[in-house]
Amino acid sequence: MDISCVFGNRLQPIILTHPPFNFIPHVSSTTSTAVPSESHFQHTNVSTKHTQTSPLSFKTRQTDAILDIQHSSDLGSALTRSGGILRVEDLNTVLRHFGKSQKLKELSQLFAWMQRTRKISIASYSSYIKLMGKSLSPVEALKIYDSIKDESTRNHVSVCNSVLSCLVRSGKYDSSVKLFHQMKRNGLNPDIVTYSTLLVGCSKIRNGYSKALDLVQELKYNGLIMDSVTYGILLNICASNNRCEEAEKYFKNMNDEGHTPNVFHYGSLINAYSAKGNYKKADELIVNMKDAGLVPNKVILTSLLKVYVKGGLFDKARELLNDLEALGYAQNEIPYCILMDGLAKAGHIQEAKSVFDEMNEKHVKSDGYSKGHQPEEELCSSLIFHLGRTGAHSQAFSIYNILRYGKRTMCKTHHEKILHILMDGKLLKDAYVVVKDNARSIPRPTIKKFAASFIKFGNINLINDVMKVIHSSGYKIDQGLFEMAISRYIDQPEKKDLLLQLLQWMPGQGYVVDSSTRNLLLKNSKLFGAQQIAETLSKQHIFSKAPRSGEMKDK
DNA sequence: ATAGGGTTAG
């Protein structure tokens, strides 16, 4: 079989890295385990002193040899010293041990030694490919597979299944399907492990549900029997694709076929119910689960919380959250987030806020499930969104501030979002604070909208400050805004000083009033003292001419 | 002897 079909080009055989020894993998499923133990000694230089004088039993010496190889600081000499006494099965155990403890160097060194001394079996290849695929790139695992020259090893189901799982694990669904077809073309009979592996692939892709159904049909057609693992994967797929009835059907089938469901099977089914908020069925399932002697764990109860929230049973959900707290299952933000978000969406803003406050009081932490995510921030942002949408502008702002002054870094887009909410709520002074601190992270159109609304409706005493702040953030103030500001001052002539201040500030920053604003000012100049206005405007005029004459001089 | 699953968060 040629794996190159999977990536389209022929992969470099691994042989190149270990030149003279591993050409002929001298492996077949029959010879590997049938090697008589005495023959091991001809491959290595086992210390004669050890083998002859040791009073220990052969079994004990094997155990010692395993420990020697697992813990030696020099694997090469440990293998020379202790490798000979061991059977292939023992070496496979050590191989898996190195894989489990992430000792990659030792893992490949031992495998190379096993190839060289031909103490290697199908199981060694299956394990090695699986372990390498877990920690290294799948390409590396494929190279290993490609380097296998022995047909019966290459075409072995468990070896192929290992490669399949490497592909699936690294998200290469299409490649895994290609390999699957190649396997069948080579006359290999896929087994239930093959199908389960491919089903896992279906659970990781979009629209995997119908592909999963095809595979189930095919495996049944081939006379294979679904087991509890296969059912587990299928239930998972149903739950995440909103296929509640189908999940129920598979759950029933597996029971009928004599497979006892575990917490994960129950969990998937509850999860399927949670999408629809089917609390009656979920409650019933929890009862069945307890009757079966299983204890609902944190994940199951959290899913149940989701069911209640989705079903609108907020009192029951609140009660369940208390239970979760009592059980120590509410140490991360997830359950609070579920309830809060449900409340916020249903318009129960005050209740959502109180759950939020409670969560903060309890110093709930992120527990690593969030993998680099910032769920606390996400839930805040969701709450801010819902609070803003339902008109609770100042509450939204208080949550923004918790985020802002919390230790976490926050996403720049929050500034813009809260700004819109504050403007909707006419909380312009708060909006001003947000702009002042974050002007550079806010897009120009939003700045413009803010400035316009502040100039029209904000505190008149702060208009000039707003102008200065947005200007120094790099925003070029347009005539429309100046005109609005000046009209506002004209409406309140007692703020004449502020108007003059603005007019005097403008030319220094390269701004001049346009002719219509100028006329507006002159028309109303008696309100402010015609003399002063005229003087200030003429200064602007001089400034406006100055840069142009400067340009001329340069030429 | 080897290969396949494991969950919560719009």
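Each chain gets a letter, A, B and so on, in the order its sequence line appears, and its residues count up from 1.
If you check every strand for non-hydrogen atoms under 4.0 Å, A:Leu235 touches nothing. Using a 4.0 Å heavy-atom cutoff across all strands shown, A:Ser228 reaches at least one base atom of the nucleic acid. Among the atoms of the strands shown, none is found under 4.0 Å from any heavy atom of A:Ser240. Using a 4.0 Å heavy-atom criterion, one finds that A:Val200 contacts the sugar-phosphate atoms exclusively. Residue-level contact check: A:Asn271 touches the backbone only, with heavy atoms under 4.0 Å from sugar-phosphate atoms and none from bases. Backbone-only engagement by A:Ser162 is indicated by non-hydrogen atom pairs under 4.0 Å involving sugar-phosphate atoms exclusively.
The main-chain N or O of A:Arg243 is never found under 3.5 Å from a side-chain atom of A:Asn241 such that the two would form a donor-acceptor pair. The backbone N or O of A:Leu188 lies less than 3.5 Å from no partner atom in the side chain of A:Asn186, so there is not a single donor-acceptor pair.
A centroid separation of 6.0 Å or more is found between the aromatic rings of A:Tyr273 and A:Tyr279.
A sub-4.0 Å separation between OP1 or OP2 of B:dG4 and a side-chain N or O of A:Ser165 is present. Taking 4.0 angstrom as the limit, A:Ser126 places none of its side-chain polar atoms (N or O) nearer than this to OP1 or OP2 of B:dA1. A close approach under 4.0 Å does occur between a side-chain nitrogen or oxygen of A:Lys130 and OP1 or OP2 of B:dA3.
Between A:Leu198 atom CG and B:dG5 atom P the separation is 12 Å, expressed in whole Å. B:dG6 atom P lies 19 Å from atom CD1 of A:Ile270, rounded to whole Å. Spacing between atom OH of A:Tyr266 and atom P of B:dG6 amounts to 20 Å, rounded to whole angstrom units.
Scanning atom types as modelled, no donor and acceptor separated by under 3.5 angstrom connect the side chain of A:Thr230 and the base of B:dG5. Remark: the A:Ser196 side chain and the B:dG4 base include a donor-acceptor N/O pair separated by less than 3.5 Å. Side-chain N/O atoms of A:Asp227 and base N/O atoms of B:dG4 include a donor-acceptor pair closer than 3.5 Å.
With B:dG10, B:dG5, B:dT7 as the candidates, the nucleotide lying closest to the side chain of A:Cys337 is B:dG10. The A:Asn236 side chain lies nearest to B:dG6 when the options are B:dG6, B:dG10, B:dA3. Of the listed nucleotides (B:dA3, B:dG5, B:dG10), B:dG5 has the atom at the smallest distance from the side chain of A:Ile233.
For the 3.5 Å distance criterion, the side chains of A:Asn271 and A:Ser268 fail to qualify, holding no donor opposite an acceptor.
The distance from the CZ atom of A:Phe397 to the CG atom of A:Leu422 is 5.5 Å, given to the nearest 0.5 Å.
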